[in-house]
Amino acid sequence: MSAAADVEQTIAALRQEVCALHAQLTRYGLVVWTAGNVSARVPGHDLLVIKPSGVDYDDLTPENMVVCDLHGTVVQGDHAPSSDTEAQAYVYRELPQVGGVVHTHSTYATAWAVRGEPVPCVLTMGADEFGGEIPVGPFAIIGDDSIGRGIVETLRDSRSPAVLMRNHGVFTIGPTPKAAVKAAVMCEDVARTVHISRQLGASLPIDPDHIDALHDRYQNVYGQR
Ligand SMILES: [Zn+2]
């Protein structure tokens with residue numbers, strides 16, 4: 001197969017995958033209206049696949065996903081890309097290990113972002129998935145790469161795949177788009193449980209050594225080998 005046919009086949013598969021993953025955002029109640037999106041890097045190419053802007057979740061198809069370069073310029077597609085494309089393109093440019101990015105305004109996680117407060121690591125699931133607190137990123141205006149810079153500055157040296165962008169919402173990263181979606185689901189669940197536990201009293205801390213051990217086991221041993 002020619003190199004051009006090869007990349008077209010990769011893009012076609014990612015259009016399917018990215019489209020299908022959006023159903024998880026609605027399934028877990030992480031989004032309302034058309035807010036929120038999933039993107040994927042096209043491995044080996046300076047390209048990404050992302051949701052079109054302002055299209056209802058029920059109307060998403062593999063064909064209306066948009067392919068952009070890593071500066072957010074549309075390469076393939078009849079629709080404008082998500083308004084978060086520049087931010088996500090910046091993440092792919094700066095963090096080569098990232099294969100997927102997700103953005104939501106999921107309620108409980110965003111409520112922590114509104115207060116500018118990281119979600120403390122007081123659940124074993126938080127230790128597993130995030131390896132510590134879920135950090136807060138800076139306030140940033142939508143439309144240029146300032147959101148992307150805030151995401152990268154916060155996550156570059158963190159074990160957490162999720163950042164709570166102040167007064168805005170959640171961005172998650174992963175080696176695959178599915179992993180980034182999972183982090184977004186887990187982020188909301190952890191934020192919700194810790195919020196509810198706070199209503200009832202103080203949280204009991206988890207020893208940092210235990211957080212390290214839980215995170216290591218979950219990332220390296222847990223699940224199907
Ligand atoms: Zn947003």
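The analysis underlying the following values was restricted to heavy atoms, covering all of them including side chains, and did not include hydrogens, waters or symmetry mates. Atoms within each ligand, like the ligands themselves, are counted from 1 in listed order.
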Arg93 atom CZ: more than 12 heavy-atom contacts under 6.0 Å
yes
What protein N/O/S atoms sit under 2.8 Å from the Zn ion (ligand 1), by chain and number?
His103 NE2, His105 NE2, His168 NE2
side-chain hydrogen bond (donor to acceptor under 3.5 Å, both in side chains) assessment of Gln16 paired with Glu63
CA-CA 8 Å; Gln16 294 265 7; Glu63 294 70 35; 5.8 Å; no
Walk me through it: do Asp128 and Gln219 pass the test side-chain hydrogen bond (donor to acceptor under 3.5 Å, both in side chains)?
CA-CA 7 Å; Asp128 288 346; Gln219 299 298 322; over 6 Å; no
Give a yes or no on whether Asn167 atom CG has more than 12 heavy-atom contacts from other residues, nucleotides or ligands under 6.0 Å away.
yes
Are there over 12 heavy-atom neighbours, none belonging to Asp59, within less than 6.0 Å of that residue's CG?
yes
Are His215 and His210 an aromatic pair, judged by ring center distance below 6.0 Å?
no
